[in-house]
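Sharing a structure, written as structure tokens. Questions coming.
Just so it is clear: chains get the letters A, B, ... in the order the sequence lines come, proteins before strands, and each one is counted from 1.
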Amino acid sequence: MFNGLVNGAFYALLSLGLAVIFGMLRIVNFMHGALYMLGAFAAFALGQLLGLGFWPSLILAPLLVGLLGVVLERGLLSRLYGLEPSYNLLLTFGLTLLTQDLVKQVMLSRFAVSSAPYSPPEVLSGVVNLGFVVFPKYRLFVIALSLVVCLVTWFVIEKTRVGAIIRASTENPVVTRAFGINVSGWVTGVFAVGAALAGLAGVLAAPIYSVEPYMGAELIITTFAVVVIGGMGSIMGSVVTGFAVGVLAAVGAAVYPPIANTLVFILMALVLLVRPSGLFGLPEGAR
Amino acid sequence: MSAVTKLGVTRDPARVTRAAWLIGLGIILLALPHLIYPVLALDILAWGLFAVAFDLLFGFSGLLSFGHAAFWGTSAYLTAYLLGHGQSVPVAIAGGTLSALALAVPVAYLSVRSSGIYFSMITLAFAQMVSFLALQWTDLTGGENGLQGFARPSFLGLDFSDAQVRYYVCLALFTLGFGVAYRAVRSPFGQAQQAVRDSEQRAQSVGYNPARFKFTAFLLSAGLAGLAGAMYTFGHGVVSLEVVNWRTSGEVVMMTLLGGTTTLFGPVIGAGIVLLLRDVLTTANLPVGIVTGVVFVLVVLFFRRGVVGTLQHWLRRR
């Protein structure tokens, strides 16, 4: 149940990034799982090469992944705007294959490992007694930080001037540009933030799941299901559904273990039957 | 396209080109197992038909399924299961194909109501359900170990332990499947399907029901993907979890794009190129994922017509 919340925290962070990128840019970023893996890998590599510990990596790795996001959006994805969103999906799928095998090669040749453990910082090791349950400190930290990040992102996009500019840039770029706003700059920024969120999830995951080139591969598919259930592009929907799915899977696993991984897809089929646009999504025509 | 009149006979140049493609492809496929080793040739046939099936939905209906591995894989497993339980080869292949078709009914019903990227995500999620099921249901699928060592009893005096024989049996099945796709695309049904793809509203206003066309196209596509999956099992004699992995769904998209969508010949040629490329890379011990990833990215960015599409475009302009 509580461990479900930890998984849920990762689902929420990842689907939040996906929802921001899809909701704002209409890009289905298949590469999100690979960016998550790159976040974890960056933390590992920074530790090996520069001797940096968890805390600096927690800041630096998402920054690096966000920077890569800028390069990807400017260099590749922006060439596909105006085409079917399918092409974005295909491009990012190709990039995923490329990234996974590239990291695999680097890990093998430079670091001579195919999978590496990563330790949490000293302060967060050990357990904490919450009264009703004894829980590892680090996992509690992951849940808390993820909640904070999700809330801040939601607040910025829905309630602030920055959020208003972003929404205007994506809903009506021509008019927004006429107001003197640098639309393509904001678009790049949004993609970079979405990528950095995936990177952050990756660093947070490294001490729990260890660093491995294919660690994002299965997770991204579950995340897609979360986004579909929550309603594609809905930020609130992805966060709430992310945590809910994590808990539900944990409860399901306690009752009948084999069902844990399938539960999210069964749930998705059920939701689609009743509400094709997802729990928090607007109907397709209503955008 | 204008018709060419020569000595009073009207000839449709598009038809001539199609005939040339058909004959060319036929000759290549007949000679293939003598040019490369037969198991690789078998792979090209199975994946080629799989890609044709995918293109029937993507190229001709505009629906990007990112979960076609579900149909290919279900059929591959069921064919293996039936062979392992003493059924004859034709029964196993038919059973596999039908299982894919049966699975397609609920999936199509739920997914064709959405379009665009929503459709892709939903098909992907269903394929994942199948993939998890394949992992868990070890009695049927062998779980992590997969299924192997099943019999392929000889039929009508054909010895299936010979890869050449298996190739020509698969070529017959491929021709059957390709023929069905070819007929479907050229039929009034296929024309209506393309009208729905180009403008759903316009098609609706002339009296077509878009949802029904998409549903039928989905079933046809899934059935042919199932036939291809059965061919794969029959050809290889091994089935593993790889057949239901999401990478498989992505690979068939890549083959189709590389060869050229909406051409029917394109997907087959794309499958051939990808499999030959992979064979060369593996033999030379080069990183397969990196090279195929780069090829994929370049195709999406600069080469969206694919090989056959580009060739046709170039021939037409001359």
Side-chain angles (χ1 to χ4, degrees), chain A residues 22 26-28 30 34 75-77 79-80 83-105 108 213-214 217-218 220-222 224-229 232 257-270 272-273 276-278 281 284, chain B residues 58 62-67 106-107 109-138 143 245-247 249-251 253-254 256-258 261 286-302 304:
Chain A
F22 181 78
R26 301 273 120 181
I27 293 174
V28 177
F30 204 97
L76 302 173
L77 287 164
R79 291 167 193 274
L80 296 176
L83 290 171
E84 275 256 341
S86 312
Y87 286 107
N88 287 316
L89 174 75
L90 296 178
L91 180 73
T92 47
F93 173 76
L95 288 172
T96 303
L97 296 183
L98 177 60
T99 314
Q100 285 177 345
D101 281 29
L102 212 58
V103 169
K104 182 181 160 194
Q105 296 287 330
L108 282 176
Y214 301 99
E218 294 303 325
I220 184 67
I221 309 289
T222 309
F224 273 153
V226 168
V227 173
V228 171
I229 295 171
M232 287 186 66
I259 207 170
N261 289 324
T262 325
L263 206 61
V264 58
F265 299 104
I266 297 171
L267 187 69
M268 191 203 68
L270 290 177
L272 286 175
L273 259 176
S277 51
E284 250 169 82
Chain B
F58 178 55
L63 294 167
L64 170 62
S65 162
F66 218 79
V107 175
Y109 175 75
L110 280 170
S111 56
V112 296
R113 295 193 293 175
S114 44
S115 57
I117 215 67
Y118 294 82
F119 176 82
S120 305
M121 303 293 249
I122 292 163
T123 46
L124 173 61
F126 277 116
Q128 277 319 99
M129 259 192 260
V130 172
S131 148
F132 283 126
L133 208 63
L135 177 65
Q136 301 291 352
W137 200 350
T138 44
N245 194 285
W246 57 263
R247 265 172 178 257
S249 297
E251 252 154 38
V253 183
M254 172 172 168
T256 308
L257 270 184
L258 180 62
T261 55
L286 289 163
V288 179
I290 296 176
V291 178
T292 45
V294 169
V295 170
F296 200 119
V297 168
L298 292 178
V299 167
V300 175
L301 281 178
F302 304 113
R304 280 188 289 275

Next on the checklist: Over 60° means perpendicular and under 30° means parallel, so tell me whether A:F93 and B:F66 are parallel, tilted or perpendicular.
Outcome noted: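 Aromatic pair A:F93/B:F66 classed perpendicular.
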Item to check | Between OG1 on residue A:T96 and CZ on residue B:F296, distance to nearest 0.5 Å | outcome: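 Atom-to-atom, A:T96:OG1 and B:F296:CZ are 9.5 Å apart.
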Checklist entry - Which atoms of A:L76 come close to chain B, meaning under 4.5 Å heavy atom to heavy atom: side chain ones, backbone ones, both, or neither? => result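 Backbone plus side chain of A:L76, per the 4.5 Å heavy-atom cut-off to chain B.
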Checklist entry - Side chain, backbone, both or neither: which part of B:R247 has a heavy atom under 4.5 Å from chain A? => result both
Item to check | Point-to-point distance, once rounded to the nearest 0.5 Å, from CG of B:L124 to CZ of A:F265 | outcome: 7.5 Å
Checklist entry - Got A:V28 and B:S120 here, is their nearest side-chain heavy-atom distance under 4.5 Å? => result no
Checklist entry - With only heavy atoms counted, which part of A:L95 is less than 4.5 Å from chain B, the side chain, the backbone, both or neither? => result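 Contact with chain B is through both the backbone and side chain of A:L95.
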Item to check | Minimal non-hydrogen separation, B:I290 against A:L98, with atom names | outcome: O-CD1, 3.5 Å
Checklist entry - Most heavy-atom pairs under 4.5 angstrom with chain B, which of A:V228, A:I221, A:V264? => result A:I221
Item to check | Selection from B:I122, B:T292, B:L133 maximising heavy-atom pairs under 4.5 Å formed with chain A | outcome: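 Result: the option with the highest number of such pairs is B:I122.
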Item to check | Side chain, backbone, both or neither of B:V297 within contact of chain A (heavy atoms, under 4.5 Å) | outcome: both
Next on the checklist: Using every non-hydrogen atom in the two residues, find where B:G293 and A:L97 come nearest and quote the distance to one decimal.
Outcome noted: CA-CB, 4.3 Å
Checklist entry - Do B:W246 and A:F224 have ring centroids that are under 6.0 Å from one another? => result no
Checklist entry - Should B:L110 and A:M268 count as side-chain neighbours, where that means a heavy-atom distance under 4.5 Å? => result no
Item to check | Atom group of A:L80 that falls short of 4.5 Å from chain B, counting heavy atoms | outcome: side chain
